[in-house]
Number of protein chains: 2
Amino acid sequence: MSSTREPLTRDRIVDAAVRLIEREGVEAVSMRRLASELGAGTMSLYNHVPNKAVLVDLAAERIMADARPYHVDSDDWRDHIRAHARAVRELARRHPRAFVLLATRRLSSEAGFRTIEAALLNFDRAGFRGRIAVGMMRAMVSYLLGTLMREVATSPELGGIALSQYADVDVSAFPLSAGVIGELATYDHDQEFECGLELLIAGLERYQS
Amino acid sequence: MSSTREPLTRDRIVDAAVRLIEREGVEAVSMRRLASELGAGTMSLYNHVPNKAVLVDLAAERIMADARPYHVDSDDWRDHIRAHARAVRELARRHPRAFVLLATRRLSSEAGFRTIEAALLNFDRAGFRGRIAVGMMRAMVSYLLGTLMREVATSPELGGIALSQYADVDVSAFPLSAGVIGELATYDHDQEFECGLELLIAGLERYQS
DNA sequence: CCCTCCTACGTACGCCGTACGTCGCAGGGA
DNA sequence: TCCCTGCGACGTACGGCGTACGTAGGAGGG
């Protein structure tokens, strides 16, 4: 009966939090729920974690650490940047419910630095150094953050958000919008992601010399 | 004594919510607090608003409606795109605590459509039509969303997040990062915004043909 | 054998959103 | 005039939240 139940650990707690976040989203996380899923008393968690906020931070970092190295067979810096961007997107798609967390938080961990270093290497290959490289990288990060936020915030709802959303406004007052209402009402995330990516790369080429 | 106190109204409630959000952020909003600030009983709010979630939605839309028209003296599409982007940024900076709200939500109101229409007009000027224009616009929106999220999420804390964040990781393991650690630790939001903006415009020029 | 310390846990407080029932009042028919 | 009806304001109550605090029990060192 009193079998040595697995003792509480910061790791075990963070793991449970990550699983819960991925299953039901951040808003489902509560100390009571987490504890009961671990078969422990609520307040026992506080022996390993100072409060809920840092627990969520830890979970975010753990998820961030799931960023995987990517591999490309090419000497072209463009291919490296593409691969890096796609890797970030894969991370976001692997953890759609948790991505808002990563986006909100300022990541300071080693995993974050690995990503930064890899990005800087790619920009270095393209001939960008110093503060310029940082600026370009941040523009890229902003784009990724933005598209992926839009993508993961949109996808959990059934694919077609479509026209029902716009039903109550008089579209005819906006002629240009009316002309592309079909495109406005649908999302092809793959294609849109690549489209923006190529746009940024084209800009980079322009600024290269 | 029984002076005709202002009666509760959906408008008055939403106004109070907007003010509270701007003052202390979304997480400070609670039905009890809102009611007490209005000098009303908590449950009275529910006569005008079905629940808290839609109240927050209404507040977000009200803030979105604060987007202001911008004016440019130029025939160059680049200047129009710049002006539009800066206007969005101004909106974000006027409502830093509320911007996450706007970013998260899918805006369906008329105000949203006005913005879309204006953007499409600018891309039309640049020679982009149809699905291509929508793609370019969405890339632009993604960039704006990303930078502004980063900017407003960063600014409320004292300006210098700086090196303390990175203190616990061994930077020497990341040579490129180490070389620009000063730039990584500081943010010049004005300059970074413009930098990314010009990068996108350069990309657009490239795709224009 | 005892003392110390660490961890698990229960209780309690002050918040939260909101379902539900009541009360008072304004306005309209008879 | 009186009464009825409907609506807005409000109190109470329930279940859930984060967490401060006190306690108990067991492991390990003296």
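Note that the coordinates shown come from a computational prediction; the quantities given were computed from them, not determined experimentally. Chain letters run A, B, ... following the sequence lines, proteins first, then strands; residues in each count from 1.
Annotation: side-chain contact (heavy atoms from CB on, under 4.5 Å) contacts of T9(B) (sequence neighbours excluded): D11(B), R12(B). Among residues two or more places apart in sequence or in another chain, the side-chain contact (heavy atoms from CB on, under 4.5 Å) test is passed with A35(A) by T42(A), L45(A). In this structure, the salt bridge (charged side-chain N to carboxylate O under 4.0 Å, His left out) partners of R94(B), at least two apart in sequence or on a different chain, are D66(B). Under the side-chain hydrogen bond (donor to acceptor under 3.5 Å, both in side chains) criterion, E183(B) pairs with no residue, sequence neighbours left out. By the ring-ring contact (aromatic ring centres under 6.0 Å, His included) test, Y46(A) is found to be paired with no residue, residues two or more places apart in sequence or in another chain being considered.
Spacing between atom CG of L38(A) and atom C1' of dC9(C) amounts to 15 Å, rounded to whole angstrom units. For the pair R12(B) CZ and dG8(D) P, the computed distance is 15 Å after rounding to whole Å. Rounded to whole Å, atom P of dG6(D) lies 16 Å from atom CG of N47(B). Between L34(A) atom CG and dG16(D) atom C1' the separation is 15 Å, expressed in whole Å.
OP1 or OP2 of dC10(D) has at least one side-chain nitrogen or oxygen of S44(B) nearer than 4.0 Å. For H48(A), no side-chain nitrogen or oxygen approaches OP1 or OP2 of dC6(C) to under 4.0 Å.
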Item to check | Reading 5' to 3' through nucleotides 17-23 of chain C, protein heavy-atom contacts under 4.0 Å coded B for base, S for sugar-phosphate only, - for none | outcome: BBBB---
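Taking the six-membered ring where tryptophan is involved, the planes of F174(B) and F113(A) are essentially parallel, since the angle between them stays under 30° and well short of 60°.
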